[in-house]
Amino acid sequence: MGGCGHEPARPRVLVVDDQTLVRQGIGTLLELAGVEVISQAADGAEALRACCDHTPDVILLDLRMPVYDGLWFLDKQSQLGIEIPTLVLTTFDDDTAVFEALRAGARGYLLKDVTVDQLSHAIESLASGGNLIGPSINDRLVRAIQAAPPPAGADQTVVEALTDREIEVLRLVARGYSNRQIAGLIHLAEGTVKNHISATLMKLGARDRTNAVLRAIREGMLG
């Protein structure tokens, strides 16, 4: 007799890359891995239209594209209030590009040398509220953030100290875990984890989880 449970919904993804073969290949591999690719786009302008037409759960975004590139798209996404988690997938292994993409609102950053399993895991993490920075660039990013001066016009609000528990939660946020996953790892209710994150955002003067991680790294809180 069959069970009455429902399989979890597959993440619905928009793939944005200017190279047709690469874009189609990524789409095919993701479909085989259980990710639903609902649309594809060749540049940032096409991606904006696809967001309006299809409302994906996650956007998989290349950075280097002619005319309307990934950073252009992230800026427009922010201006238009499109709150769809965006995962940058690129061959461009550069600290400045990572930093700019995360500042512009990207929730994750991976290089194209990842496996399909790693990519599908990252997509599922973003779809469930997490964020993810690939391990191959994480250490370099941390060093770059700690060494770089704040950008002109950056928020200079004095941050409040975080509790040990808030730091523990934020470290797990930085590793890409969703609230539910964090709750399971440190044996707290999911609502309690949400409260810790809300308090952390307020103390750091951060608008979202990614910016909270960047601010905490700059302040030396996650060292």
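Atoms considered below: every heavy atom in the structure, side chains included; atoms not considered: hydrogens, waters and symmetry mates.
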Quick one: list whatever passes side chain to side chain contact (heavy atoms under 4.5 Å, CB included) with [X], sequence neighbours left out.
X	result
Val116	Leu29, Ala33
Pro56	Leu14, Ile38, Ile59, Ile84
Ala122	Leu87, Leu110, Leu132
Ser78	none

Taking C-beta and beyond as the side chain, do [X] and [Y] meet within less than 4.5 Å on heavy atoms?
X	Y	answer
Leu63	Tyr109	yes
Leu111	Thr91	no
Leu71	Met65	no
Val114	Leu89	yes
Ile123	Val13	yes
Met221	Leu204	yes

Determine the minimum heavy-atom distance between [X] and [Y], stating which atoms define it.
X	Y	result
Arg64	Asp18	O-OD1, 3.4 Å
Val88	Ala106	CG2-CB, 3.9 Å
Gly108	Leu126	N-CD2, 4.4 Å
Gly44	Phe73	O-CD1, 3.6 Å
Pro11	Gly34	CD-O, 4.4 Å

Once side-chain hydrogen bond (donor to acceptor under 3.5 Å, both in side chains) is applied, what residue pairs with a partner in residues 68-77 remain, sequence neighbours excluded?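 For residues 68-77, and leaving out neighbouring residues, the side-chain hydrogen bond (donor to acceptor under 3.5 Å, both in side chains) pairs sorted by first residue read Gln77-Thr86.
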Listing request: all side-chain hydrogen bond (donor to acceptor under 3.5 Å, both in side chains) pairs with a residue in residues 34-56, at least two apart in sequence or in separate chains.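 As it turns out, the side-chain hydrogen bond (donor to acceptor under 3.5 Å, both in side chains) pairs with a partner in residues 34-56, which skip direct neighbours, are Arg23-Gln40.
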Are the side chain of [X] and the backbone of [Y] linked by a donor-acceptor contact shorter than 3.5 Å?
X	Y	value
Arg209	Ser178	no
Glu166	Ile197	no
Gln118	Thr115	yes

I need the full list of salt bridge (charged side-chain N to carboxylate O under 4.0 Å, His left out) pairs touching residues 190-200, with sequence neighbours left out, sorted by first then second residue.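 Every salt bridge (charged side-chain N to carboxylate O under 4.0 Å, His left out) pair that includes a residue of residues 190-200, provided the two are not neighbours, is Arg180-Glu190.
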All pairs passing salt bridge (charged side-chain N to carboxylate O under 4.0 Å, His left out) where residues 78-90 contributes a residue, at least two apart: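 Non-adjacent pairs meeting salt bridge (charged side-chain N to carboxylate O under 4.0 Å, His left out): zero.
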About how many Å separate CG of Leu74 and CD of Glu100, when rounded to the nearest 0.5 Å?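 Nearest 0.5 Å value for the CD-CG distance: 10.5 Å.
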How far does SG of Cys51 sit from CG of Leu80, to the nearest 0.5 angstrom?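 Here the rounded value is 9.5 Å.
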Sole residue of Ile26, Leu61, Asp62, Leu60 in side chain to side chain contact (heavy atoms under 4.5 Å, CB included) with Val16: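 With Val16 as partner, side chain to side chain contact (heavy atoms under 4.5 Å, CB included) holds for just one option, Leu61.
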Same cluster for Leu170 and Met202 if Ile/Leu/Val/Met/Phe/Trp/Tyr side chains link at under 4.5 Å?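 No, it is not one cluster - the side chains of Leu170 and Met202 are not joined through contacts under 4.5 Å.
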Is Val58 reachable from Leu32 through a run of hydrophobic residues whose side-chain heavy atoms are each under 4.5 Å from the next?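 Result: no, two separate clusters.
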What pairs with Asp57 under side-chain hydrogen bond (donor to acceptor under 3.5 Å, both in side chains), at least two apart in sequence or on another chain?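 With sequence neighbours excluded, Asp57 shows a side-chain hydrogen bond (donor to acceptor under 3.5 Å, both in side chains) to no residue whatsoever.
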So does Asp17 pair up with Lys112, basic N to acidic O under 4.0 Å?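 Salt bridge present between Asp17 and Lys112.
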Salt bridge or not between Arg165 and Glu168? Use side-chain N to carboxylate O under 4.0 Å.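 Yes.
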More than 12 heavy atoms of other groups within 6.0 Å of Leu21 CG: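 Incorrect, the count does not exceed 12.
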Among residues at least two apart in sequence or on other chains, which ones pass salt bridge (charged side-chain N to carboxylate O under 4.0 Å, His left out) with Glu124?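 Testing Glu124 for salt bridge (charged side-chain N to carboxylate O under 4.0 Å, His left out), a comparison that skips the adjacent residues, returns none.
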